[in-house]
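Structure first, commentary second.
The basis for the numbers below is simple: all heavy atoms, side chains too, and nothing from hydrogens, waters or symmetry mates. Below, read A as the first sequence line, B as the second, and so on, with proteins coming before strands; counting in each chain starts at 1.
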Number of protein chains: 2
Amino acid sequence: MFVQERLGAIETLLQQKHRLTVGELARHFDASEITIRRDLRLLEEAGKIVRAHGGALRINYQRPEPGFEHKAVDAVEAKAAIARTAIEELPVRGHIFVDSGTTCLEIGRRLIERNELTIVTNSIPLLALAGEAKARIVGIGGEVRPVSLALVGGVALDWLKAFHFDAAVVGASGLDGADGAFTTELSEASVKQMACAHAKLRILAAHASKWNQPASVLIAPWGRFDRFVTDVRPAKADGARLRREGVAIRVAGLR
Amino acid sequence: MFVQERLGAIETLLQQKHRLTVGELARHFDASEITIRRDLRLLEEAGKIVRAHGGALRINYQRPEPGFEHKAVDAVEAKAAIARTAIEELPVRGHIFVDSGTTCLEIGRRLIERNELTIVTNSIPLLALAGEAKARIVGIGGEVRPVSLALVGGVALDWLKAFHFDAAVVGASGLDGADGAFTTELSEASVKQMACAHAKLRILAAHASKWNQPASVLIAPWGRFDRFVTDVRPAKADGARLRREGVAIRVAGLR
DNA sequence: GATCAATTGATCATATTTGTTCGATAGTGA
DNA sequence: TCACTATCGAACAAATATGATCAATTGATC
C-alpha cells in the first residue's frame with residue numbers, strides 16, 4: 001500500500017468516525033504504530049486533521065449538539081431585528097401564543113409592552129418578565145425542559161386545546177426548503193403544533209443560520225405557516241418553495 | 001478519550017446545564033478531579049468558560065430571575081435558615097408542591113438538589129432554576145401575577161386538582177394567632193388552599209415578621225397545617241394556640 | 001548482481017497525560 | 001469573628017505515547 005493511499009484512507013475514515021486512535025489505524029492497515037504516526041504528522045502538517053495524544057480528530061470536529069445559548073449570544077442583533085419585524089405582523093389586542101427559544105423571547109420582550117394583549121407562553125424566561133409587563137401573561141403548565149426552560153408535556157397540550165389564539169409565534173431549530181420547520185424534541189414540537197392548530201395567524205420566526213441544520217422532529221410543513229420572519233433573504237429555491245406553499249416571507253430590516 | 005474531546009464535551013455540557021461541578025464531571029468522564037480541573041483551566045484560559053470554586057459556569061450565564069431579586073434581599077439570612085429547617089421536614093422522593101414567595105423560593109432552591117423528587121410549583125423564579133436542577137420540575141399553568149411572579153387563577157386551580165402531593169409547602173403574608181395564615185390576594189389564597197387540600201403533609205413556612213401583619217384573605221386556619229416553620233419562637237399565647245390546634249412548630253436554628 | 005532511494009519497523013530516551021498526596025486556600029455555618 | 005469542611009494546585013510518580021535514530025526491506029536502475 002502506498003503512503004498516499006493510506007493518507008487518503010485515513011481522511012476518509014475520519015469523515016465517518018470523527019476520532020481514530022493510532023492503535024486502531026495500525027491494526028486497520030496492518031502497519032506499525034510509528035508508521036501511522038508519521039502519516040498523522042503529514043496529515044496534520046497539511047491541515048487535514050487535528051492530532052491528539054493517542055490518535056487524531058476530524059478537523060471540523062464539532063461537539064455533539066450545537067447548543068442553545070452559544071448561538072444565542074452571537075446572533076443577538078439579528079434576533080432583535082427579527083423581533084422588530086415580527087411584532088409588526090402581530091395584533092395589538094387579543095390573545096397571542098409565544099413560543100420558547102431566544103428568538104421568540106426577543107419578540108415576547110417587545111410584545112409585553114402592549115397593554116391590551118394577553119400573551120400565552122411556555123417560555124419561563126418570558127414569564128419571568130411579567131413583572132415589567134403591561135400585557136397580561138399566562139403560562140401554560142407542564143414539565144420544565146431544563147435545556148430550553150420551556151414547559152412541555154401532555155398536560156400542557158391538553159391545556160392548549162382549550163385555547164384559541166389570534167396569533168401564534170413559534171421558533172425552530174432547523175429549516176428545510178423541502179420539508180418545513182424542525183425542532184430537536186418531540187415534546188417541544190407537540191406544543192408548537194398544538195399552538196399553531198389553535199391560532200388564526202401562524203408565524204414562524206427563525207434566524208437564517210437554521211437553514212439545513214439537522215433537527216429530528218418536524219414541527220410542520222411550510223404550508224401550515226402564514227408568515228416566515230427571518231433575517232436573511234432565503235435562497236432562491238427555498239424562497240420559491242415557500243411562496244408556492246402560501247407562506248409570506250418577511251426579511252428583517254428590508255420588509 | 002482524547003483531551004480535545006473532553007474539552008469539547010465539557011463545553012457542550014455547560015451549554016445545557018449553566019453550571020457543572022468538578023465532581024459531576026469527574027464521574028461523567030470517569031476521570032480524576034485533578035484532571036477535570038486541568039481541563040477547566042485550559043477552557044478558562046481559552047475564554048470558553050468561567051471557573052468557580054467547585055466547578056465551572058457558562059461564560060455568559062445570566063441569572064434567570066430579573067426584577068425579583070431586589071425583594072428577596074429582605075431577611076435573607078432568616079429565610080435561608082427557615083429553608084434549611086424546612087427541607088429537613090420534607091421527603092427526599094415523591095411529589096412536593098412549593099408555593100411562590102421568597103421564603104418558599106429558598107426552600108425550592110435547596111429541594112431541586114434532590115434527584116428523586118418531582119417539584120410542582122406556581123413560582124416562576126423557581127421554574128427558572130430548572131436549568132440547574134436535579135429534581136424534575138413541573139409548572140402549573142395560569143395567569144401570571146406580576147407582583148409576585150406567581151401563576152394563579154382558574155386554570156391553575158384546575159391543574160392542581162389533578163395532582164396529589166406527598167407534601168405541600170406554602171408561604172403567607174400574614175399570621176394571626178387567633179385565626180391562621182393570611183395572604184393579600186384571593187387568587188393566591190385559592191392556589192395555596194388547593195395545594196394543601198391535595199397534600200398529605202402541609203407545611204407553612206413564614207418569617208416571624210409576618211405575625212399580626214394585616215392581610216385580607218384567610219388561607220386556612222391553623223389546624224389545616226401539620227407544621228409551621230419559622231425563625232423566631234412564637235409568643236407564648238400563639239405557640240399554645242398552635243399546639244392546641246395540632247400544629248408542630250419548628251424554629252429554624254433551634255429545632 | 002550491485003547500488004541507491006524510499007519506506008518501514010525496532011529501540012530507546014523523552015513528552016505527555018493522568019492520578020496521588022499533601023499543604024494552602026476559599027467558602028460555610030456558628 | 002472563629003473553626004470546620006471542601007476545594008484547589010504544586011510536586012511527585014506511573015503509565016503511556018511520541019519521535020529520533022538506525023537497521024531492514026523493497027523496488028528501480030544501471
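In a base pair of the Watson-Crick type (N1 to N3 plus N6-O4 or O6-N4) or a G-U wobble (N1-O2 and O6-N3), with each distance short of 3.5 Å, D/dA23 is matched with C/dT8. Under the Watson-Crick and G-U wobble criteria, each requiring two contacts below 3.5 Å, nucleotide C/dA15 is left unpaired.
Whole-Å rounding puts the A/His53 NE2 to C/dT16 P distance at 8 Å. In this structure, the CZ atom of B/Arg6 is 4 Å from the P atom of C/dT18, given to the nearest Å. Atom CE of B/Met1 is separated from atom C1' of D/dT16 by 18 Å (rounded to the nearest Å). If you take CZ of A/Phe29 and C1' of C/dT8, they are 15 Å apart, rounded to a whole angstrom. Distance B/Ile34 CD1 to D/dA11 P: 12 Å, rounded to the nearest Å. Regarding A/Leu42, its CG atom lies at a distance of 10 Å from the P atom of C/dT8, rounded to whole Å. One interatomic measurement links the two molecules: CD of B/Glu45 to P of D/dG9, which rounds to 11 Å at whole-angstrom precision. As a whole-Å value, the separation of A/Ile36 CD1 from C/dT7 P is 15 Å.
No hydrogens or angles considered: nothing links the side chains of B/Ser100 and B/Ser148 as a donor-acceptor pair under 3.5 Å. Checked by atom type, the side-chain pair A/Thr102/A/Lys79 shows a donor-acceptor distance below 3.5 Å. Between B/Thr85 and B/Arg250, the side chains place no donor N or O within less than 3.5 Å of an acceptor N or O (distance only, hydrogens not considered). With no hydrogens or angles considered, no side-chain donor-acceptor pair links B/Ser187 and B/Ser190 at under 3.5 Å.
The phosphate of D/dA20 has OP1 or OP2 within less than 4.0 Å of a side-chain N or O from A/Arg41. Between A/Arg37 and D/dT18, a side-chain N or O to OP1/OP2 separation shorter than 4.0 Å is present. Between B/Arg51 and D/dG9 there is a side-chain polar atom (N or O) within less than 4.0 angstrom of OP1 or OP2.
Using a 4.0 Å heavy-atom criterion, one finds that A/Ala52 contacts the sugar-phosphate atoms exclusively. Contacts of B/Gly23 with the nucleic acid, taken as non-hydrogen atoms under 4.0 Å apart, are absent. Counting non-hydrogen atoms under 4.0 angstrom, A/Arg38 reaches a base of the nucleic acid.
Shown here, D/dA6 is classed anti by the O4'-C1'-N9-C4 or O4'-C1'-N1-C2 angle, which is more than 90° from 0.
Between D/dC8, C/dT18, C/dG9, one nucleotide has an atom nearer to the side chain of B/Thr35 than all others, and that is C/dT18. Of all nucleotides listed (D/dT18, C/dG9, C/dT18), C/dG9 comes nearest to the side chain of A/Ser32.
Using bins of under 30°, 30° to 60° and over 60° for the plane-to-plane angle, the ring pair B/Phe228/B/Trp211 lands in the perpendicular bin.
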